[in-house]
Every structure is written in structure tokens, then in C-alpha cells.
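The structure appears below as C-alpha cells.
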Amino acid sequence: MTKPLVEETGFVPLPPAEVRRRLIALVSSPYAEPSGDGDVVVLQGSWWYRGEYALERRGQGTQVTHRVYNIASRGRWAVPLANRFFIGFAAKTREGFAELLRTIADQPEPRDR
């Protein structure tokens, strides 16, 4: 795979299995379903987008690394054009990732456990 367009890392004070469960619940959509097992959750959508969330235990919590790749097999050159040359993309991705981690950490525990 090529170099990621964007890479961000953050921390969630929960174990990896719980982060994975909450992450999958949050990123599931009609357009892209998460896949992968173990330490990486993959979200693939559109004709060019692949987002990977790598989960790694760090003490009592989980380090989450989010990488965005251009996976277009055809028309790869058109991806920057279709995305306005990614102006502001890194900042929006960083903000969205930080919000995602806050949401994961702040979700209440399910009562049926």
C-alpha cells in the first residue's frame, strides 16, 4: 500500500476490545462497513477511500492510529481533483478523529453486561 494521505494518533482510556466495539458502532454506515479483525478496523468507501484504525494496548488504555489511503486503482490522478486538492483535508481529518476518540471514551457502558 502507498503512503497514507493522513495519519493521526490518539489515546482512549479503555481496553482495545471495548474501543473496537465502540468504534465499529460509530463508523458503520450504509456506504461503508468496517471489516478486519484483531487490531485493525478497516473502513472502505467511495472509489478511492480506505481508512484504517490500528488499535494497540498502552497501559490501561488503547493507542488508536488512523490512516487514510488513496486506493483508487483507476483514475488515481483524479482523486485530488475530486477532493479539491485535499485543501483542509488534514485539518478536518484531525478534528474528526479527535471528536471520534472523545465520543468513544464518553459513551456510557451498556447496561446488559
Side-chain angles (χ1 to χ4, degrees):
M1 192 156 322
T2 63
K3 179 181 169 189
L5 296 171
V6 177
E7 181 173 324
E8 295 294 329
T9 299
F11 182 81
V12 177
L14 296 166
E18 184 62 17
V19 171
R20 178 183 169 72
R21 185 188 69 73
R22 293 178 183 200
L23 175 64
I24 287 172
L26 288 168
V27 299
S28 294
S29 78
Y31 304 105
E33 283 296 317
S35 65
D37 55 3
D39 300 335
V40 178
V41 175
V42 176
L43 185 66
Q44 200 155 309
S46 189
W47 56 281
W48 68 271
Y49 178 88
R50 179 182 172 100
E52 294 182 353
Y53 297 88
L55 311 177
E56 188 174 338
R57 180 174 291 283
R58 286 283 190 256
Q60 297 297 313
T62 304
Q63 176 180 298
V64 182
T65 302
H66 176 54
R67 295 177 183 98
V68 176
Y69 294 95
N70 173 359
I71 58 155
S73 57
R74 290 177 163 183
R76 188 175 181 80
W77 60 269
V79 173
L81 293 173
N83 289 282
R84 299 185 180 134
F85 296 99
F86 293 106
I87 295 170
F89 184 78
K92 286 180 186 176
T93 301
R94 185 173 30 261
E95 291 166 11
F97 179 65
E99 180 62 28
L100 177 66
L101 295 185
R102 282 191 294 275
T103 302
I104 289 170
D106 293 343
Q107 280 182 337
E109 288 291 323
R111 295 184 189 271
D112 58 45
R113 282 192 173 185

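Numbers for residues simply follow the sequence, beginning at 1.
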Do Thr65 and Glu56 have side chains that get closer than 4.5 Å, going by heavy atoms?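 In short, these two side chains do not touch, never coming nearer than 4.5 Å.
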Side-chain touch Leu100/Leu23, heavy atoms, less than 4.5 angstrom: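 Touching, per the 4.5 Å side-chain cut-off.
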Would a distance-only check, ignoring hydrogens and angles, find a side-chain to backbone donor-acceptor pair under 3.5 Å from Arg22 to Gln107?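 Yes, because the side chain of Arg22 sits within donor-acceptor range (under 3.5 Å) of the backbone of Gln107.
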Considering all heavy atoms, the nearest [X]-[Y] contact:
X     : Y     : result
Thr62 : Pro15 : OG1-C, 3.2 Å
Gly51 : His66 : CA-CE1, 4.2 Å
Phe97 : Thr9  : CE2-C, 3.7 Å
Glu52 : Val42 : CG-CG2, 4.2 Å
Arg57 : Pro16 : NH2-CD, 3.4 Å
Tyr49 : Ile71 : O-CD1, 3.9 Å

Are Ile104 and Phe11 co-members of a hydrophobic cluster defined by side-chain heavy atoms under 4.5 Å apart?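 Unlinked, Phe11 and Ile104 end up in two clusters.
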Measure the CD-OG1 distance between Glu7 and Thr93 for me, rounded to the nearest 0.5 Å.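 Nearest 0.5 Å value for the CD-OG1 distance: 12.0 Å.
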Would you please test Lys92 and Glu95 for salt bridge (Lys or Arg N to Asp or Glu O under 4.0 Å) and show each step? CA-CA 5 Å; Lys92 286 180 186 176; Glu95 291 166 11; over 6 Å; no
Tell me whether Gln60 at atom CD has more than 12 heavy atoms from other residues, nucleotides or ligands lying less than 6.0 Å away.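 12 or below, so no.
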